[in-house]
Amino acid sequence: MKKILVPIFAVACGAQAPAADHPRSGLVSNTSDSMQYECSLVDFENEMICQMVKVSIRRMEEPKDPTQALEHTLKYSKDQKPRDNCEFFSQFADKFRNYKPLHWNSMQVELNEQRKQDEIRNWTAQYNDCIKPSAATATEKVRAHHHTRLRTCRISSQYSSLKFKRIEKDTWVANAGPAYYDQCGSVEMSRFEKSKLPLADGWSYVVRTTVANPNGVVHTTGESCRAFETEYTYEAAGIDHYARCDYIKFEQWSYPELSPPGSILNHRLEEVWERRK
């Protein structure tokens with residue numbers, strides 16, 4: 001009897017379909033974002049739920065950013081008059097100029113020579129523009145602020161969950177739905193696919209944004225909707241990137257429900273939020 005049951009059991013096991021290959025856990029990245037994911041199958045190997053944590057690193061400003069701020073500042077600088085309480089800025093400049101480690105210990109400020117000079121320049125520019133406003137002092141205030149923000153990187157994280165469906169053997173797709181800029185009719189599609197990099201044995205994560213109204217304009221930023229037609233790829237390459245960060249600013253992402261992980265809209269929304277401050 002055992003001689004009959006054993007081969008039947010073996011045949012039954014051999015006829016069972018092998019488990020579908022799918023992303024399980026890993027870390028992928030591009031030049032400014034990383035994505036860590038944990039995925040599990042939920043529907044006969046054709047659907048999976050992925051818990052995802054995205055970490056983004058962005059410079060607070062780019063070299064071209066102060067142009068608009070300078071134009072705005074110079075436009076109104078001729079109407080500015082000296083203000084009260086300007087000594088406040090001077091006092092801070094003096095504190096950094098006469099820096100003593102024990103005095104600043106409670107503020108947990110790491111003050112090397114570079115930061116010392118940046119702080120002195122910023123507070124001095126604020127003081128000069130306060131006590132005797134002019135086009136020159138306004139310009140220096142903007143440039144001093146920009147000089148620091150240009151070397152400051154913001155680090156933020158975001159958690160979310162996405163459902164993916166298998167459409168091909170090695171391709172899993174998630175429709176993230178309408179994006180934040182609804183006047184563009186933008187829709188995001190995320191997908192996992194087998195990496196095409198040489199020697200790679202993992203998965204790539206791709207985020208593609210399409211817009212139904214490419215000729216439209218984003219009301220909050222004035223940008224063309226066509227600029228949001230993008231595709232970004234995250235790879236498990238483990239490459240180090242040069243970030244040019246003298247300062248790091250940790251930030252909490254405020255609107256996780258507006259944009260899925262891996263989305264370039266995260267960067268766009270951060271820009272909008274900065275302009276509202």
Side-chain angles (χ1 to χ4, degrees), residues 22-23 28-37 39 42-43 46-62 64-65 67-68 154 156-197 203-236 251-277:
H22 69 92
V28 291
S29 63
N30 57 25
T31 57
S32 57
D33 304 321
S34 71
M35 185 78 66
Q36 186 168 350
Y37 60 88
C39 302
V42 294
D43 180 26
N46 291 320
E47 285 189 1
M48 65 178 180
I49 296 290
C50 294
Q51 315 300 326
M52 313 181 80
V53 177
K54 176 186 176 183
V55 176
S56 298
I57 301 177
R58 297 280 190 274
R59 284 199 299 173
M60 293 194 72
E61 288 188 6
E62 296 297 331
K64 63 180 180 180
D65 286 349
T67 304
Q68 185 175 0
R154 298 179 298 183
S156 61
S157 60
Q158 175 189 350
Y159 166 81
S160 62
S161 178
L162 287 177
K163 178 183 287 188
F164 290 80
K165 291 186 177 182
R166 183 165 60 129
I167 60 171
E168 295 179 0
K169 178 185 176 183
D170 293 328
T171 304
W172 298 77
V173 174
N175 184 350
Y180 180 69
Y181 298 98
D182 54 356
Q183 61 265 39
C184 295
S186 54
V187 176
E188 287 198 357
M189 299 286 291
S190 302
R191 71 179 185 272
F192 278 105
E193 61 186 21
K194 276 299 184 69
S195 176
K196 299 179 177 61
L197 290 180
W203 294 84
S204 300
Y205 182 65
V206 183
V207 180
R208 180 177 178 80
T209 303
T210 59
V211 296
N213 181 24
N215 297 320
V217 175
V218 179
H219 302 323
T220 53
T221 64
E223 295 177 89
S224 168
C225 289
R226 195 179 301 275
F228 291 89
E229 290 189 315
T230 57
E231 182 170 294
Y232 291 86
T233 301
Y234 297 72
E235 294 283 2
E251 293 188 344
Q252 181 177 357
W253 180 238
S254 303
Y255 303 104
E257 72 279 6
L258 294 180
S259 184
S263 173
I264 189 60
L265 290 179
N266 286 343
H267 181 34
R268 303 294 189 186
L269 286 172
E270 286 174 10
E271 293 175 344
V272 173
W273 182 247
E274 279 294 314
R275 294 173 188 176
R276 290 177 179 175
K277 289 182 178 179

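Computed over heavy atoms, backbone and side chain alike; hydrogens, waters and symmetry mates excluded. Computed from a predicted model, the values in this text were never measured in an experiment.
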**Student:** Measuring only between side-chain heavy atoms, which start at C-beta, is S204 closer than 4.5 Å to F192?
**Tutor:**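 No - every pair of side-chain heavy atoms lies 4.5 Å or more apart.
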
**Student:** Does the side chain of K194 reach to within under 4.5 Å of the side chain of W203, using non-hydrogen atoms?
**Tutor:**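 Yes - at least one pair of side-chain heavy atoms lies under 4.5 Å apart.
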
**Student:** Testing the basics here: between Y234 and V28, what is the closest heavy-atom pair and its distance to 0.1 Å?
**Tutor:**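 For Y234 versus V28, the nearest heavy atoms are CB-CG2, 3.5 Å.
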
**Student:** Please report the shortest heavy-atom distance between C39 and P23, naming the atom on each side.
**Tutor:**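 Distance-wise, the nearest heavy atoms are CB-O, 3.1 Å.
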
**Student:** Would you check, one step at a time, whether the test side-chain contact (heavy atoms from CB on, under 4.5 Å) holds for D170 with E193?
**Tutor:** CA-CA 6 Å; D170 293 328; E193 61 186 21; over 6 Å; no

**Student:** Please tell me if the side chains of S161 and I49 come closer than 4.5 Å, counting only heavy atoms from C-beta onward.
**Tutor:**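 In contact.
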
**Student:** Mind checking whether I57 and R154 have side chains closer than 4.5 Å, heavy atoms only?
**Tutor:**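 No, too far: nothing below the 4.5 Å cut-off.
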
**Student:** From M189 CE over to T210 OG1, what is the distance, rounded to the nearest 0.5 angstrom?
**Tutor:**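 OG1 of T210 is found 8.0 Å from CE of M189.
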
**Student:** Among side-chain atoms of E235 and S29, is any donor-acceptor pair under 3.5 angstrom?
**Tutor:**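 Absent: no donor and acceptor within the cut-off.
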
**Student:** Given side chains that start at C-beta, do those of V173 and K165 come closer than 4.5 Å, heavy atoms only?
**Tutor:**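 Not in contact.
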
**Student:** Drop me the distance from S157's OG to Q36's CD, to the nearest 0.5 angstrom.
**Tutor:** 11.5 Å

**Student:** Please list, chain by chain and in numerical order, all residues satisfying side-chain contact (heavy atoms from CB on, under 4.5 Å) with S32, sequence neighbours excluded.
**Tutor:**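 By the side-chain contact (heavy atoms from CB on, under 4.5 Å) rule, S32 matches N30, R58.
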
**Student:** What heavy-atom pair brings C184 and V211 nearest, and what distance separates the two atoms?
**Tutor:**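 The pair with the smallest heavy-atom distance is O-CB, 3.6 Å.
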
**Student:** To the nearest 0.5 Å, how far apart are OG1 in T233 and NZ in K196?
**Tutor:**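 So the gap between those two atoms works out to 8.5 Å.
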
**Student:** Find the distance between CZ (F228) and CD (E188) and round it off to the nearest 0.5 Å.
**Tutor:** 10.5 Å

**Student:** Would you please name every residue forming a salt bridge (Lys or Arg N to Asp or Glu O under 4.0 Å) with R208, sequence neighbours left out?
**Tutor:**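 With neighbours one apart ignored, the set is E231.
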
**Student:** How far does CG of D33 sit from CD of Q158, to the nearest 0.5 angstrom?
**Tutor:**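 Here the interatomic distance stands at 10.0 Å.
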
**Student:** Rounded to the nearest 0.5 Å, what separation is found between the NE2 atom of H22 and the SG atom of C50?
**Tutor:** 9.0 Å

**Student:** Quick one: does Q51's side chain get under 4.5 Å of Y159's, heavy atoms only?
**Tutor:** yes

**Student:** Under 6.0 Å between the ring centres of Y205 and Y232?
**Tutor:** no

**Student:** Is any side-chain heavy atom of S156 closer than 4.5 Å to a side-chain heavy atom of S56?
**Tutor:** yes

**Student:** Side chains of E47 and R166, heavy atoms from C-beta outward: is any pair under 4.5 Å?
**Tutor:** no

